[in-house]
Amino acid sequence: GTLRESKTYIPGSVMVKHVTNDWQRGSGTFNRIITRLFGITEETYELDGNLATRTTTNTGYDDYGFPTSTTVLQLDGRKKTTAVTYGHDITNWILGLKVLEQVTAEAPGFTPETRTTDYGYYTGLGLLAWERTEPTDSAYTLTKSYSYGVLGNRTMTTVSGTGIVA
């Protein structure tokens, strides 16, 4: 089964935590019936019963069951949104190759900031070849390149970017 709700109490019947999960059934690729966790609300309470924190997380998925969007909202108005694009290699049945990730952080009174990272893979292997943070702004681009041994274990990581001396 799937957990719908959880409550945590301390002695004296004081609830200090309440978690609600929003599960939804749907069909995925190849007409599979799958259950996915679309939303979580987690609340913590002070000992006097007043709400202290609330975090709400909502997630969207692609047809293969990989999360493509996640939004986390805090009680104080802070928000973090993650958008992910996958390149599924159907020919080699290598799923979930993340090719682009954008994370946006927002807070009341501040300009939203977005961090973008793109990824490249060795064709047909699914091994991460490189990842590039801030690929569209050369002043902030950070590239990590990866090498692997014959058994597929990472043997070297090379980091490059503006101001990094080898």
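- Nearest heavy-atom pair, L37 versus T59, reported as atom, atom and distance to 0.1 Å: O-CB, 4.0 Å.
- At a threshold of 4.5 Å between non-hydrogen side-chain atoms, the residues E101 and R115 do not count as touching.
- Residue T123 holds its OG1 atom at 9.5 Å from CD1 of I94, rounded to the nearest 0.5 Å.
- Among all heavy-atom pairs drawn from L3 and W23, the shortest one is O-NE1, 2.8 Å.
- For the atom pair NE2 (H18) and CG (L51), the distance works out to 11.5 Å, reported to the nearest 0.5 Å.
- To the nearest 0.5 angstrom, T35 atom OG1 is 5.0 Å from R25 atom CZ.
- Taking 4.5 Å as the limit, every side-chain heavy atom of L127 sits out of range of all side-chain heavy atoms of Y146.
- Looking at every heavy atom in both residues, A52 comes nearest to E46 through CB-OE2, 3.4 Å.
- Residues R4 and N21 are not in side-chain contact: their nearest non-hydrogen atoms beyond the backbone lie 4.5 Å or more apart.
- Separation of atoms NZ (K80) and OG1 (T70) is listed at 9.5 Å; rounding is to 0.5 Å.
- Between L128 and R154 the shortest side-chain heavy-atom distance falls below 4.5 Å.
- L100 and Y119 make their closest contact through N-CD1, 4.2 Å (heavy atoms, listed as atom of the first residue, atom of the second, distance).
- Under the 4.5 Å side-chain heavy-atom criterion for grouping Ile, Leu, Val, Met, Phe, Trp and Tyr, L97 is connected to L125 within one hydrophobic cluster.
- Nearest heavy atoms, K17 versus Y45: N-CD1, 4.3 Å.
- With rounding to the nearest 0.5 angstrom, the CZ atom of R78 is 10.0 Å from the CG atom of L73.
- For the pair Y64 and W93, the tightest heavy-atom approach, listed with the atom from each and the gap, is CE2-CH2, 4.5 Å.
- Looking at T162, its side chain does come within 3.5 Å of a backbone N or O of S138 through a donor-acceptor pair.
- You'll find the side chain of Q24 stays beyond 4.5 Å of the side chain of R36, heavy atoms only.
- In the model, T44 has a side-chain atom that pairs as donor or acceptor with a side-chain atom of T53 under 3.5 Å.
- N58 is not listed as a side-chain neighbour of D22, based on a closest heavy-atom distance of 4.5 Å or more.
- Clustering ILVMFWY residues whenever any of their side-chain heavy atoms sit less than 4.5 angstrom apart, transitively, puts Y9 in a cluster other than the one holding V16.
- Side chains of V103 and T116 form no contact here, defined as non-hydrogen atoms less than 4.5 Å apart.
- One hydrophobic cluster holds both Y122 and V99 under the rule that ILVMFWY side chains link at heavy-atom gaps under 4.5 Å.
- Checking T114, T71, T81, T82 one by one against T104, the side-chain hydrogen bond (donor to acceptor under 3.5 Å, both in side chains) holds for a single residue, T114.
- If you chain together hydrophobic residues whose side chains sit under 4.5 Å apart, I34 and I40 never meet in one group.
- Side chain to side chain, T141 and E134 fail the donor-acceptor criterion of an N or O pair below 3.5 Å.
- Counting heavy atoms from C-beta outward, H88 and D62 have side chains that approach closer than 4.5 Å.
- Between K144 atom NZ and T117 atom OG1 the span is 9.0 Å, to the nearest 0.5 Å.
- Checked by atom type and distance alone, the side chain of W130 never pairs as donor or acceptor with a backbone atom of D118 at under 3.5 Å.
- The cluster map of Ile, Leu, Val, Met, Phe, Trp and Tyr, joined by side-chain heavy atoms under 4.5 Å apart, puts F66 and V84 in the same cluster.
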